[in-house]
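Worksheet: the structure to be examined is printed underneath.
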Amino acid sequence: MPVVGREPNLHLVTCAGLLTLFTSACYLWSSWRRVPLHPSDRRQFFSQMIHVAVCSYVPLLTHYSLKQKQGLPLLNQIISWTTLASSIFLPLLSSTRLFHRLLSIFLSLTSTYLLLSTGSEALFPPVLSWLMFVWINIEQEALIAQGVSRRQE
């Protein structure tokens, strides 16, 4: 979509996609060290991460296509509609473990959010996810310190 009143900064959208991929990879690596992922969960996370990478590149292609007065490419339309439809259902297929479900929701919503972003607002989901994961870990550590038995993920 063309931006009214300001110049789009699509490099921030791409950076937000890269931050999302970095965050996801760090979580998966740390989780894999503790408890190996089930193969179906691993496939789902990697497919969602590839989807986020594609969705961080689509706004750049759309902007250049609209700038050259060529219209919206059919491939971008297909990717956008597929992203919208899949972001509703993919988190339901993930594991019921807390952080796995949150990661799946985060990846699904971020891919849709990246398609709608034209600038610095794309940095909101990665920063919010960092805050959310840190807050949950702090609460779990506080419960352990109080002596409340820790419920497994």
Side-chain angles (χ1 to χ4, degrees), residues 1-34 37 40-68 70-143 151 153:
M1 294 180 66
V3 180
V4 178
R6 68 180 171 103
E7 193 64 30
N9 192 349
L10 297 172
H11 297 295
L12 285 176
V13 177
T14 306
C15 287
L18 293 174
L19 280 174
T20 300
L21 293 175
F22 177 73
T23 302
S24 304
C26 287
Y27 170 73
L28 290 175
W29 180 72
S30 68
S31 173
W32 177 74
R33 286 183 31 210
R34 283 182 269 138
L37 284 173
S40 63
D41 288 337
R42 190 175 334 141
R43 279 191 304 270
Q44 181 184 2
F45 287 138
F46 287 133
S47 67
Q48 283 183 302
M49 289 171 70
I50 290 169
H51 200 80
V52 166
V54 169
C55 288
S56 66
Y57 189 63
V58 166
L60 194 64
L61 292 176
T62 301
H63 175 72
Y64 288 132
S65 177
L66 291 175
K67 192 174 183 180
Q68 295 176 353
Q70 294 176 348
L72 185 62
L74 179 63
L75 181 63
N76 292 11
Q77 293 178 32
I78 291 170
I79 291 171
S80 298
W81 284 106
T82 304
T83 300
L84 180 64
S86 67
S87 67
I88 297 169
F89 298 109
L90 274 178
L92 299 174
L93 301 175
S94 67
S95 170
T96 56
R97 296 178 65 187
L98 175 66
F99 283 101
H100 290 177
R101 180 65 57 100
L102 287 175
L103 180 63
S104 181
I105 291 169
F106 165 61
L107 289 172
S108 289
L109 293 178
T110 300
S111 60
T112 305
Y113 200 84
L114 287 173
L115 290 174
L116 298 171
S117 299
T118 59
S120 61
E121 68 272 2
L123 296 171
F124 176 73
V127 173
L128 179 66
S129 69
W130 295 339
L131 179 65
M132 179 179 61
F133 286 122
V134 167
W135 187 265
I136 291 172
N137 281 323
I138 289 172
E139 284 188 349
Q140 286 183 349
E141 293 299 322
L143 287 175
R151 191 177 136 216
E153 293 184 59

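Under a 3.5 Å cut-off, the side chain of Ser65 and the backbone N or O of Gly71 do form a donor-acceptor pair. In this structure, the side chain of Thr14 engages the main chain of Leu10 through a donor-acceptor pair within 3.5 Å. Formation of a donor-acceptor pair under 3.5 Å by the Ser108 side chain with backbone atoms of Ile105 is not found in this model.
Shown here are the side-chain contact (heavy atoms from CB on, under 4.5 Å) partners of Ser40, two or more places apart in sequence or in another chain: His38, Arg43. With sequence neighbours excluded, the residues forming a ring-ring contact (aromatic ring centres under 6.0 Å, His included) with Phe45 are His100, listed by chain and number. In this view, Phe133 and Phe99 satisfy the ring-ring contact (aromatic ring centres under 6.0 Å, His included) rule, not counting sequence neighbours.
We find the CG-CZ distance between Leu93 and Arg101 to be 8.5 Å, quoted to the nearest 0.5 Å. Between the CD atom in Gln44 and the OG atom in Ser94 there is a gap of 5.5 Å [rounded to 0.5 Å]. In this structure, CG on Leu102 lies 4.5 Å from CG on Leu98, to the nearest 0.5 angstrom. The CG atom of Leu114 sits 15.0 Å away from atom OH of Tyr57, with the distance rounded to the nearest 0.5 Å. Note that the CG atom of Leu109 and the OG1 atom of Thr83 stand 12.0 Å from one another [nearest 0.5 Å]. Atom CG of Leu107 sits about 11.0 Å away from atom OH of Tyr27, to the nearest 0.5 Å.
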Starting from the C-alpha separation in whole Å, work towards a yes-or-no answer on side chain to side chain contact (heavy atoms under 4.5 Å, CB included) for Leu103 and Ser24. CA-CA 7 Å; Leu103 180 63; Ser24 304; 3.8 Å; yes
Evaluate the criterion side chain to side chain contact (heavy atoms under 4.5 Å, CB included) for residue pair Tyr64 and Gln70; output intermediate values, then yes/no. CA-CA 9 Å; Tyr64 288 132; Gln70 294 176 348; over 6 Å; no
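Nearest heavy atoms, Thr23 versus Ser129: CG2-OG, 4.3 Å. The two residues Leu115 and Cys55 make their nearest non-hydrogen contact at CD2-O, 3.8 Å. Heavy atoms only, all atoms of each residue included: Val52 and Ser111 are closest at CG2-CB, 4.1 Å. Smallest separation of non-hydrogen atoms from Leu66 and Leu72: CD2-N, 4.1 Å. Closest of all the heavy-atom pairs between Ser86 and His51 is OG-NE2, 4.3 Å. The two residues Tyr113 and Ala122 make their nearest non-hydrogen contact at CE2-CA, 4.1 Å.
You'll find the side chain of Met49 reaches within 4.5 Å of the side chain of Leu28, heavy atoms only. No side-chain heavy atom of Leu128 sits under 4.5 Å from any side-chain heavy atom of Phe106. Annotation: side chain of Pro59 is not in contact with side chain of Thr118 (no heavy-atom distance under 4.5 Å).
Between the side chains of Trp135 and Glu139, at least one donor N or O lies within less than 3.5 Å of an accepting N or O.
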